[in-house]
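I have placed the structure first, in the form of structure tokens, so that the comments after it can refer back to it.
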Amino acid sequence: MKKIEYSMIKYDQWQLYIAKTEKGLCYVGSPGETVGELEKWINKRYPGAVLSQNDEALRPYREELQAYFDGRSRDFGLPVDIKGTVFQEQIWQALKQIPYGETWSYSDIATVINKPSAVRAVGAAIGANPAMIVVPCHRVIGKNGKLTGFRGGLELKRYLLRLESLDKEGQLPYNDIN
């Protein structure tokens, strides 16, 4: 029987549930999510798995996320264990190629995977990313420079992009009009 452990990280006004398998981080939740919603997600993705809270087991992941939120770290080095279709996993690998402080469009991702006409499918795969932030789907914006949907909400997406902004004058590297 598969064991999934979870904890919560609190940062600023956000609380995010995180979960891991024996192989690595498998989930980063959305702000405002409940334990019940986490359980529902786990039951759908890992039928029969036992979910238990284990703050100590998730401590390294919380610390790594905290360092990122505090601006002390730009990278995530701990193992990730996310599963999806072959296409989804291909998209999630492409997301990891987006450098800190940069944004790519959905079209850019489609081009990177050599499927330039698959923009909508790319968007769906990005939306299914179970480990947001660590697999940086927040770095994907519309081709026109507008912020687009994000499972964590546009407020969190704005925050993350501001955190990663390379513009020394404090200007955002994207068009913040919804």
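The analysis underlying the following values was restricted to heavy atoms, covering all of them including side chains, and did not include hydrogens, waters or symmetry mates.
- Side-chain contact between Val135 and Lys96: present, with at least one pair of heavy atoms (C-beta onward) separated by less than 4.5 Å.
- Side-chain contact check for Asp108 and Ser105: at least one donor-acceptor pair (N or O, by modelled atom type) lies under 3.5 Å.
- Taking 4.5 Å as the limit, some side-chain heavy atom of Ile109 sits within range of a side-chain heavy atom of Ile98.
- Rounding to the nearest 0.5 angstrom, the gap separating the CD1 atom in Ile18 from the OH atom in Tyr61 is 9.0 Å.
- In this structure a side-chain-to-backbone donor-acceptor pair under 3.5 Å is missing from Glu89 to Val86.
- Under a cut-off of 6.0 angstrom, the local environment of NZ in Lys143 is sparse, with at most 12 non-hydrogen atoms contributed by other residues, nucleotides or ligands.
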Legend entry - Trace of the ring-ring contact (aromatic ring centres under 6.0 Å, His included) decision for Trp14 with Tyr159: CA-CA 11 Å; Trp14 298 295; Tyr159 176 84; 5.0 Å; yes

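- Side-chain contact, Glu56 with Asn54: no donor N or O sits under 3.5 Å from an acceptor N or O.
- One distance of note links CE of Met132 with CZ of Phe150; it measures 4.5 Å at 0.5 Å rounding.
- Between Ser7 and Arg62, the closest side-chain pair of non-hydrogen atoms falls below 4.5 Å.
- The shortest side-chain heavy-atom distance between Arg151 and Asn129 does not fall under the 4.5 Å cut-off.
- Here the NZ atom belonging to Lys157 is positioned 3.5 Å from the OG1 atom belonging to Thr148, to the nearest 0.5 angstrom.
- Residues Leu161 and Ile141 are in side-chain contact: their nearest non-hydrogen atoms beyond the backbone lie under 4.5 Å apart.
- A salt bridge links Glu22 and Lys2; the closest N-O separation between the charged side-chain nitrogens and carboxylate oxygens is under 4.0 Å.
- Among all heavy-atom pairs drawn from Ala110 and Val119, the shortest one is CB-CG2, 4.1 Å.
- Counting only distance, with no hydrogens or angles, the side chain of Glu64 and the backbone of Leu78 share a donor-acceptor pair below 3.5 Å.
- A distance of 12.0 Å separates NE2 of His138 from CD1 of Ile126, quoted to the nearest 0.5 Å.
- Residues meeting the side chain to side chain donor-acceptor pair (under 3.5 Å) test with Glu155, sequence neighbours left out: Gln13.
- Inter-residue side-chain proximity for Ile133 and Leu160 is flagged as met; some heavy-atom pair is nearer than 4.5 Å.
- Contact of the Gln88 side chain with the Ile82 side chain is not registered, since no non-hydrogen atoms from C-beta on lie closer than 4.5 Å.
- Alongside Tyr6, the hydrophobic cluster contains Ile4, Met8, Tyr17, Tyr27, Val35, Leu38, Trp41, Ile42, Tyr46, Leu51 (criterion: ILVMFWY side chains under 4.5 Å).
- Here the straight-line distance linking atom SG of Cys26 with atom CD of Glu5 works out to 10.0 Å at 0.5 Å rounding.
- For Gln15 (side chain) and Lys10 (main-chain N/O), no donor-acceptor pair under 3.5 Å exists by modelled atom type.
- For the atom pair Leu154 CG and Lys146 NZ, the distance stands at 12.5 Å (nearest 0.5 Å).
- Scanning for side chain to side chain donor-acceptor pair (under 3.5 Å) contacts around Asp70 gives Gln66, Arg72, with sequence neighbours left out.
- Residues Tyr68 and Tyr100 form a side-chain contact, since some pair of their non-hydrogen atoms from C-beta on lies under 4.5 Å apart.
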